[in-house]
J.: 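For reference, the structure I am asking about is given below.
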Amino acid sequence: DYKTHRPLHKVLESQGMLYKGLAMGLSYDIDNNEIKNLKGFTVAAGFKYIQSKNWDHTFSLAEILLHNDDFADYLIDTIAIDSTSTVFDLGIIYPLTHEVTLGASILNIGGIGDKSGVYIPAAINFGLGYTKRLDGDAFLNQFRVAVDYVDFSNQQRDDSDFTKRFRFGLEGNVFDGWFSTLTLRTGVYQGTLTYGAEFRLSALTIGYAAYTEELGTYVGQNEDKRQ
């Protein structure tokens, strides 16, 4: 992430992270015979071991000119902070009815990165989904609606913008057969429209999605369109 600044003695703000690691996860469906009244209840846990180089630095013009020939090496070897993180994820899914599902998760327990550079703290998320099967055999036979609210405790950013944390999605099957499937999707992500499609032909699946990531502190400040 880069952003230019004035006055010229501080001209380029940069934030970033390079990382590698190992991730593992497991889930378990609780049977109705094991715990009364919890049929369909799913619990999940994940583990991530991450080695990263991260930075949050504002470069001066003199600094850029001095390291013009080796800027990438200077950024990675001198500016970037090395960190090792071991974090955990926890999640639950519970069917309120045959069609309505409630979910909750706590991600990145322990935090990723270094607080003096780029740091990703733990986040609490909630979601609600509705799935409806229709009468059609292969055409228009199912649609889904999902609503999410992420980072409930406002840990991951310096703001408390509700719109940026609220997500809404709608998905519907145009046709769904044994050999091929076409699904269309649309929704709202960080206050902007998203859309996409997925086509399956036997074992081959092709997907497309377009959305806007808000890099600023409020919706519309610094939009980054992605596909």
Side-chain angles (χ1 to χ4, degrees), residues 1-3 12-29 42-59 63 67 70-93 102-127 129 146 148-161 164-167 169 187 189-190 192 194 196 198 205 207-219 221-227:
D1 227 13
Y2 293 92
K3 184 185 295 184
L12 183 66
E13 178 184 354
S14 174
Q15 293 180 330
M17 176 183 288
L18 300 174
Y19 59 89
K20 62 181 179 179
L22 173 69
M24 301 175 62
L26 57 88
S27 63
Y28 181 71
D29 295 330
T42 300
V43 295
F47 162 82
K48 291 178 286 193
Y49 175 78
I50 299 173
Q51 294 179 330
S52 66
K53 285 182 173 289
N54 63 87
W55 62 91
D56 185 354
H57 185 74
T58 301
F59 295 92
E63 192 175 9
H67 297 282
D70 63 341
F71 186 79
D73 292 337
Y74 172 69
L75 173 63
I76 298 302
D77 298 334
T78 305
I79 301 300
I81 301 168
D82 292 311
S83 66
T84 300
S85 307
T86 301
V87 298
F88 299 90
D89 301 330
L90 296 174
I92 58 170
I93 299 176
L102 175 66
S105 66
I106 306 177
L107 304 181
N108 303 322
I109 300 172
I112 299 174
D114 190 290
K115 290 185 178 180
S116 60
V118 175
Y119 181 71
I120 304 174
I124 302 172
N125 311 308
F126 295 97
D148 295 323
Y149 190 82
V150 302
D151 190 22
F152 181 77
S153 56
N154 297 335
Q155 295 296 310
Q156 292 194 334
R157 291 181 180 266
D158 297 329
D159 64 89
S160 57
D161 192 323
K164 287 170 57 178
R165 291 169 170 79
F166 176 80
R167 287 92 189 266
Y189 175 77
Q190 295 191 346
T192 59
T194 67
E198 183 176 289
T205 301
Y208 172 81
Y211 68 100
T212 300
E213 187 77 25
E214 177 54 63
L215 303 179
T217 57
Y218 58 86
V219 173
Q221 181 187 23
N222 187 11
E223 296 181 343
D224 182 18
K225 297 186 182 297
R226 304 178 180 180
Q227 299 182 60

J.: Got a second to check how far Arg165's CZ is from Asn154's CG, nearest 0.5 Å?
T.: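 These two atoms lie 4.0 Å from each other.
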J.: Is there side-chain contact between Gln190 and Arg167, with at least one heavy-atom pair below 4.5 Å?
T.: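 Yes, side chains in contact.
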J.: Can you give me the closest heavy-atom contact between Gly113 and Asn54, atom names plus distance?
T.: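 That would be CA-ND2, 4.0 Å.
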J.: Just checking, is any N or O donor in the side chain of Glu214 or Tyr189 under 3.5 Å from an acceptor N or O on the other one?
T.: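 Not at all, the side chains of Glu214 and Tyr189 share no donor-acceptor pair under 3.5 Å.
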J.: Would you give the length of the straight line joining atom CD1 of Ile76 to atom CG of Asp73, rounded to the nearest 0.5 angstrom?
T.: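 Atom-to-atom, Ile76:CD1 and Asp73:CG are 8.5 Å apart.
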J.: Evaluate the side-chain proximity of Ile79 to Phe59: yes if any heavy-atom separation is below 4.5 Å, no if none is.
T.: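 Yes. Closest side-chain heavy atoms under 4.5 Å.
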J.: Please report the interatomic distance CG(Asp114) to CE(Met17), rounded to the nearest 0.5 Å.
T.: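 Between atom CG of Asp114 and atom CE of Met17 there are 9.0 Å.
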J.: Between Glu63 and Tyr74, does any side-chain donor sit less than 3.5 Å from a side-chain acceptor?
T.: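 Checked: Glu63/Tyr74 side chains pair up, N/O donor to acceptor below 3.5 Å.
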J.: Answer whether the closest heavy-atom distance between the side chains of Trp55 and Leu18 falls below 4.5 Å.
T.: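 Of all side-chain heavy-atom pairs linking Leu18 with Trp55, at least one is under 4.5 Å.
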J.: Do you know the tightest heavy-atom contact between Leu107 and Asp89?
T.: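 Nearest heavy atoms, Leu107 then Asp89: CA-OD1, 3.3 Å.
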J.: Hey, are the side chains of Leu102 and Phe126 touching, using non-hydrogen atoms and a 4.5 Å cut-off?
T.: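 With C-beta onward as the side chain, the pair stays apart.
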J.: Determine whether the aromatic ring centres of Phe88 and Phe47 lie less than 6.0 Å apart.
T.: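 Between Phe47 and Phe88, which both carry aromatic rings, the centre distance is below 6.0 Å.
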J.: Can you tell me how far the CD atom of Glu13 sits from the CG atom of Asp56, to the nearest 0.5 Å?
T.: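 Reported value, rounded in 0.5 Å steps: 6.5 Å.
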J.: Closest heavy-atom contact between Tyr119 and Pro121?
T.: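 Scanning both residues completely, I find the closest heavy atoms to be O-CD, 3.5 Å.
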J.: Indicate yes or no: at least one non-hydrogen side-chain atom of Lys48 is less than 4.5 angstrom from one of Asn108.
T.: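 Yes, side chains in contact.
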J.: Do you know which two heavy atoms are closest between Gly127 and Asp148, and how far apart they sit?
T.: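 Smallest heavy-atom distance, with atoms named: CA-OD1, 3.3 Å.
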J.: Could you pull out the closest heavy-atom pair between Tyr19 and Ser52, with the gap in Å?
T.: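 Looks like CB-CB, 3.9 Å.
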J.: Supply the atom-to-atom distance Thr42 OG1 to Asp29 CG, rounded to the nearest 0.5 angstrom.
T.: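 Reported value, rounded in 0.5 Å steps: 3.5 Å.
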J.: Heavy atoms only: give me the nearest Ala122-Ile109 pair and the separation to one decimal.
T.: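 The pair with the smallest heavy-atom distance is CB-CA, 4.0 Å.
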